[in-house]
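Every heavy atom of this structure was used, including side-chain atoms; hydrogens, water molecules and symmetry mates were not. Protein chains get the first letters and strands the later ones, always in sequence-line order, with residue 1 at the start of each.
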Amino acid sequence: MKMEGIEGDASVGGAGRYTLNPMRINSEDILFCVDVDAESIVEMKTAGITRLDSIKQAILLFVNSKLSINPDHRFAFATLSKSASWLRKEFSSDVESTIAAVRALSAASVYSGQADLTNLFRLAAHEAKKSHSQNRIFRVILIYCRSSTQPHHQWPVNQKLFTLDVMYLHDKPGPDNCPQAVYDALVDVLEHVSEYEGYIHESGHGLPRTFFRFMSMLLCHPQQRCPQDDCDIPKPLMKKSAELANGKDNVHVSTTSW
Amino acid sequence: MSFDGFPPFISAQLHYLINHFHEKIKVEQVSSGGKTYAGGLDRFTLHIPYCLDYVKWDIIYNAEFPFASPDIIFGPEDEDFHPLHMTGSVGEGGSKFRNILSDWNHKDPTRLLALIQELRDQYMAYQKKRVGEVDDDRLTFEISTICSREGIEMQISSGAEKPKEVKFAVPLMDMNINKMVHGFPWRHPQKIYLQVIYPVGKKYSSTPSPPRLKLMSTAELGALFSIEDVKLPSWLDGMCMAEYLPHLEESLQKQVVESVSLIDVRRRFIESLTPLFGRPLEADPVFCGKATFLASSGSFVFLVHFLISTQFPKQRPAVMLQSSQHISPQGIPKKSPLLSEYPWSPRWEASQMAERIFDFLVDESLNFKRFCNESQPQH
């Protein structure tokens, strides 16, 4: 994936030395778009917990973390079935209202059949203009749950008004599904629409812990990101000698699990 | 701020005032004058910044008679403030004020701002006149030496219990502080003021006591340096403001320049953390006062917040850990207390500071992990 450092910190990550450039960054308006197709209530590996349950938890953890970094970030919520629609339209930095929105998340009882992201991008572009006028940047975090339905859209090229991150939860690959194709389609979408470097993570393990870990990596401020391939966080906090001697304790989750 | 409950014409004027006045005005004590409340809210008190304090003026509209200009009630100490009757060099101002009232157009949202600005100018002139009339030789002398400085505001304060005092708000330093910090840090110009309070006495005593001095600044300057930490030069016997102010300004100038250079010292520190802690999730690029990293201990993933004060490196950064995986039933994330009990020396290289903090956190994170898991099992 290519890096698109249009404004803000353009320092190189990974191989290059990190520099904190004295360039102002903006507070974020973040729109969570949660896939509520019937596949969102597939159980995680932990019994009794569905993907949607984990998503609700993950959102609460994310919002709390993000606000502790900067209490000026704000959040709103939408859902995706065939297309996207608002769940909570007003952007707010109030945790209570996030809790209320998350409680209102519920899955559709039927399979949606398709996933058209055009309306999501339309909503996002509209809101992004408002955010920009308030000196904020706009980000969409799409949490997608379908193992065989590739998302599609009709978004024009060069309309990059917001950053897009994707978290993809899916079943293990098998003869009846195609999560790899879906993943590739999501990568294409991200590269097509995202203003700053967008991040995409996927998990087919069904472990909430892995999901939360990936969500934490999405906490990165878009204006201070490095290319995803150069991402080296979270760093394990362990004594140097232990790290050398005991490689297996270094939990480094790989990005693909095919 | 929303002004629900006001009729639209009042709300429009109030909004315009708040958004366009050059300083922050507070609106309090909102109420309705009408018996039935049907017209809506039409009375409030404005707290208007003046002389590093506030003057409180009650603004009284009448929701049922919108064409009339509002009445204004000034504070009890200002019984003698009659803007309609101002004469002398400010007579022109008096008539300007009369014109604003007689030409009142309730549909024009800019009117309240025009009114308040004019009144404040009148108030400043009124206070200046009162201070000039004070029978105190020393004060008269002081005023004559500094009144050429731009932007000074003054105020006489007295009450039944208090002795009469004259307060000056003296803006300091012509420096454009905003331009000195990279990255366009502030929307509004940051300023430093000296507040000088003289007791009013009848006779010029042989050893006049020094006035009470206090440095004050616009609130956001705190990100650069703390005004409370500035040590005021001493006021020597027999000094006057004209002598004292240049001393103070020279010393403040040095302080501001040093504070600006300390930003980069903090910047280098944050950068030195990255080989050990990875790229930060987010770091303050303008004042370099905070940075948050993502770390792990086994499969436990957590945030590491660094808070770096303007006293760095004399003062070590405070660190706080926050779980990215645990949350209480009330929706509150698990956090550690502020940690700062680690080995520290301001003379170390940044890389050594980073290593010492890292080693400390290796151990501390195990404690924190235990704490998080005890109250709630990890997902």
>> Quick check on the interface: out of A/Ser54, A/Ala58, A/Cys220, A/Pro22, who has the most heavy-atom pairs with chain B under 4.5 Å?
In response: A/Pro22

>> Between B/Phe300 and B/His326, is the ring centroid distance below 6.0 Å?
In response: yes

>> So that I know where these two stand, are B/Trp348 and B/Phe269 an aromatic pair - ring centroids less than 6.0 Å apart?
In response: no

>> Need one label for A/Leu219: side chain, backbone, both or neither, based on atoms under 4.5 Å from any heavy atom in chain B.
In response: both

> How would you list, by chain and number, every residue that makes a ring-ring contact (aromatic ring centres under 6.0 Å, His included) with B/Phe306, sequence neighbours excluded?
Replying inline: B/Phe277, B/Phe293

> In Å, rounded to the nearest 0.5 Å, how long is the span from SG of A/Cys145 to CG of A/Leu52?
Replying inline: 7.5 Å

>> Give the interface residues of residues 352-364 of chain B toward chain A, defined by a heavy-atom separation under 4.5 Å.
In response: B/Phe358, B/Asp359, B/Leu361, B/Val362, B/Asp363

>> Can you tell me which portion of B/Asp284 sits under 4.5 Å from chain A's heavy atoms? Options are side chain, backbone, both or neither.
In response: backbone

>> Taking side chain as everything from C-beta outward and backbone as N, CA, C, O, which of these in B/Ser324 sits under 4.5 Å from a heavy atom of chain A? Side chain, backbone, both or neither.
In response: both

>> Determine whether a donor-acceptor pair (N or O, by modelled atom type, separation under 3.5 Å) exists between the side chain of A/Arg88 and the backbone of A/Ala104.
In response: no

> Of all of B/Pro280, B/Cys288, B/Ala291, which one pairs up most often with chain A through heavy atoms under 4.5 Å apart?
Replying inline: B/Pro280

> With a 6.0 Å cut-off on ring centres, are A/Phe162 and A/Tyr196 close enough?
Replying inline: no

>> Under 4.5 Å from any heavy atom of chain A, what part of B/Leu276 do you find: side chain, backbone, both or neither?
In response: both

> Relative to chain A, which segment of B/Gln322 carries a heavy atom at a distance below 4.5 Å: side chain, backbone, both, or neither?
Replying inline: side chain

>> Would B/Arg266 pass as a cation-pi partner of B/Phe287, given that its NZ or CZ must be under 6.0 Å from the six-membered ring centre and within 45 degrees of the axis?
In response: no

> Side chain, backbone, both or neither: which part of A/Lys66 has a heavy atom under 4.5 Å from chain B?
Replying inline: side chain

> Between the side chain of B/Arg279 and the main-chain N/O of A/Asp232, is any donor-acceptor distance below 3.5 Å?
Replying inline: no

> How are the rings of A/His201 and A/Tyr199 set to each other: parallel, tilted or perpendicular (split at 30° and 60°)?
Replying inline: perpendicular

> Does a side chain donor of either B/His305 or A/Ser68 reach within less than 3.5 Å of an acceptor in the other side chain?
Replying inline: yes

